[in-house]
Amino acid sequence: MYFQFPCEKCSKKLKVRDENIGKKVRCPYCQHTMLVKKPETPVIDTSVDFSATSTPTHSTKTPSSRGGSKTVSSGWADGTEVSLSKSGVIAIGSTVLFLVLMFPFRKFYLGELFLDRGWVPFALVFLMSWSATILILKSRKLAKQKDSMLFDTLPTDISEEISEKTVAKFIEHVKNLPVDPRESFLVNRVLRGLEHFSVLKSSAEVSNRLQSQSEIDATAIDSSYTMLKVFIWAIPILGFIGTVIGIGTAVGGFSGGMDDASNISALKESLGEVTGGLSTAFDTTLVALVMSMLVMFPSSSMQKSEEDLLNWVDEYCNENLLKRLKESDHVSSGDERDHRRLIQRTIDKAMADHHAELQTWTQKLEGIGSTLSQQVMKSWGKIDDKIRAQQEGQLEKVQQVIDKLTTEHHSVVEQMETVEQKMSELQSAHAENLDKLNGDATGMAEAADTLSQSFSGVQQGLNGLNTVLSDLGEKQVLIQQVEAPRKRWGFFGGSRKVR
């Protein structure tokens with residue numbers, strides 16, 4: 001909602017929204033900055049006679065702040081459009097100034113980015129300066145638009161209602177405001193609405209015209225950002241062009257150095273040219289991407305602010321203009337438009353009986369609809385009961401299946417327990433067999449040791465026998481057969497005779 005409050009310096013009446021209470025605003029008349037405070041009592045002069053013959057307190061024609069009276073006609077609102085030629089000239093000067101400031105830093109990396117990377121950085125700086133200039137000029141226009149939102153364009157001192165008799169006074173008041181309607185969406189919108197109402201004398205037609213004007217203003221804002229969108233697109237493209245140029249220079253220098261690959265110094269020079277070209281390529285891309293981001297974020301923020309401003313203008317017109325428009329019931333015999341309105345009212349009266357009959361049929365249809373609704377509800381109740389019965393039967397079947405599965409599960413668990421017990425017994429028996437086998441293996445190992453010792457003794461006896469036989473082979477032995485008095489056992493348990 002809006003309320004009025006006077007300026008602390010020039011005492012002009014301003015109109016602001018409730019949400020601006022406690023915030024600082026600038027008076028559009030005297031440019032004085034002040035804090036918005038909601039008045040405890042209304043500031044409207046109630047002593048003024050609001051009759052059609054009354055003379056408003058400030059309806060006399062006053063000179064504007066630009067000097068002298070002015071004749072203003074609403075037209076295309078240029079409160080957002082910026083002159084490209086003007087901004088381009090400013091951008092050229094800004095570009096030259098920036099490059100001059102970078103000249104002392106030419107030996108540093110920052111200066112090399114803009115002075116030693118070919119012509120692409122110059123173009124990037126120019127587009128960046130042009131975009132910044134457009135945004136700065138648009139921000140000034142936006143500030144002026146916000147200041148114009150404080151104008152009380154439709155003061156209640158003239159009349160509480162806007163009718164055919166008072167609309168001319170409101171138009172004169174709006175034209176005497178110290179602002180060009182073409183530079184303010186609000187003033188232009190209100191002036192157009194009043195002029196349409198003075199001609200059409202129909203609030204519905206005025207509403208349609210204001211809706212159309214709102215779309216025109218939105219289109220104007222969107223078109224004012226066309227060049228900025230082009231710049232945001234062109235800056236990265238220029239960076240990529242610099243990348244292509246740098247890579248082309250690097251490849252060309254390297255191919256020239258490869259022709260004389262036997263000369264080490266020439267090869268080093270070609271590698272130096274390659275690295276220089278690559279630095280140009282990547283540095284221009286870096287600068288372009290950074291500049292694109294620096295333009296994109298303020299541009300998006302500015303566009304959103306202007307769109308919010310249009311929403312405020314629409315709200316202002318709905319709350320303060322359309323609500324106060326009052327159509328006159330007087331019909332002029334010579335006015336063709338009033339004849340049309342008279343015909344329309346006659347048709348409405350003739351259709352009154354039909355409307356009554358239509359109302360009767362509507363009541364009957366409502367009764368039929370109520371009956372049908374009850375029948376449908378009953379049918380749905382029966383269907384719901386059947387569905388519930390089917391669901392209960394299916395639930396019982398499912399429960400039976402679950403019980404059966406549970407029983408089978410218990411049986412399987414018991415079988416598993418039995419199998420587990422048998423497996424435990426088998427493991428115990430297997431462990432006993434392993435222990436027994438370990439004992440038998442130990443006995444066999446001991447027998448093997450004893451047998452090994454016996455074989456060792458036999459080996460020693462054989463060695464001794466071989467020695468004796470060797471000695472006997474060197475000597476002659478006389479063999480006489482005599483009867484042995486007794487038997488003696490040899491090494492192998494056999495008997496032999498003593499000779």
Side-chain angles (χ1 to χ4, degrees), residues 76-103 105-106 109-146 182-183 185 215-249 277 279-311:
W76 175 265
D78 58 352
T80 184
E81 193 68 33
V82 175
S83 174
L84 293 179
S85 58
K86 179 181 177 181
S87 59
V89 171
I90 297 174
I92 292 174
S94 301
T95 303
V96 174
L97 179 61
F98 178 81
L99 295 177
V100 170
L101 293 176
M102 286 290 105
F103 190 77
F105 302 96
R106 64 185 182 279
Y109 178 70
L110 180 61
E112 292 177 355
L113 284 177
F114 297 98
L115 300 177
D116 296 336
R117 296 296 185 263
W119 61 270
V120 174
F122 301 155
L124 293 176
V125 173
F126 172 68
L127 293 182
M128 175 70 181
S129 301
W130 203 350
S131 301
T133 303
I134 292 175
L135 289 175
I136 292 173
L137 295 177
K138 286 181 70 66
S139 65
R140 295 178 60 184
K141 287 181 175 289
L142 180 61
K144 193 172 183 179
Q145 292 271 10
K146 290 183 178 179
R182 294 174 298 176
E183 297 178 356
F185 288 121
E215 296 175 357
I216 292 173
D217 293 339
T219 304
I221 289 179
D222 186 66
S223 64
S224 67
Y225 286 89
T226 301
M227 290 304 299
L228 284 175
K229 293 177 182 179
V230 172
F231 293 158
I232 293 172
W233 168 84
I235 289 174
I237 296 300
L238 280 175
F240 293 139
I241 290 175
T243 301
V244 173
I245 293 174
I247 293 175
T249 303
S279 65
T280 302
F282 295 114
D283 286 345
T284 53
T285 302
L286 173 64
V287 172
L289 293 177
V290 172
M291 287 185 174
S292 177
M293 293 180 62
L294 292 177
V295 175
M296 183 181 300
F297 287 109
S299 176
S300 300
S301 178
M302 182 68 65
Q303 186 173 4
K304 182 180 182 301
S305 298
E306 291 193 344
E307 291 175 353
D308 292 340
L309 178 68
L310 279 186
N311 293 332

Q. In Å, rounded to the nearest 0.5 Å, how long is the span from CG of Asp217 to CG of Asp222?
A. 12.5 Å

Q: Give a yes or no on whether the backbone of Ala91 and the side-chain of Thr95 come within a donor-acceptor separation of less than 3.5 Å.
A: yes

Q: Can you see which heavy atom on Ser299 is nearest to which on Leu228, and at what distance?
A: OG-CD1, 3.8 Å

Q. Should Ser223 and Glu81 count as side-chain neighbours, where that means a heavy-atom distance under 4.5 Å?
A. yes

Q | Qualifying residues under ring pair (Phe, Tyr, Trp, His ring centres under 6.0 Å), relative to Phe122, sequence neighbours excluded | A | none

Q | Lys146 NZ to Leu142 CG distance, which is reported to the nearest 0.5 Å | A | 4.5 Å

Q. Got a second to check how far Ile232's CD1 is from Ile237's CD1, nearest 0.5 Å?
A. 13.0 Å

Q) How many angstroms lie between CG in Leu310 and OG in Ser305, if you round to the nearest 0.5 Å? A) 11.5 Å

When the side chains of residues 130-138 are checked against the rest of the protein, which donor-acceptor pairs come out under 3.5 Å, sequence neighbours left out?
unit_1 : atom_1 : unit_2 : atom_2 : d
Trp130 : NE1    : Ser87  : OG     : 2.9
Ser131 : OG     : Leu127 : O      : 2.9
Thr133 : OG1    : Ser129 : O      : 2.7
Lys138 : NZ     : Thr80  : O      : 2.8
Lys138 : NZ     : Thr80  : OG1    : 2.8
Lys138 : NZ     : Ser224 : OG     : 3.0
Lys138 : NZ     : Glu306 : OE2    : 3.4

Q. Can you tell me how far CD1 of Ile216 sits from CZ of Phe185, rounded to the nearest 0.5 angstrom?
A. 11.5 Å

**Q.** Distance in Å, Trp119 CH2 paired with Leu124 CG, rounded so as to fall on 0.5 Å steps
**A.** 8.5 Å

**Q.** Whether over 12 other heavy atoms sit under 6.0 Å from Lys229 NZ
**A.** yes

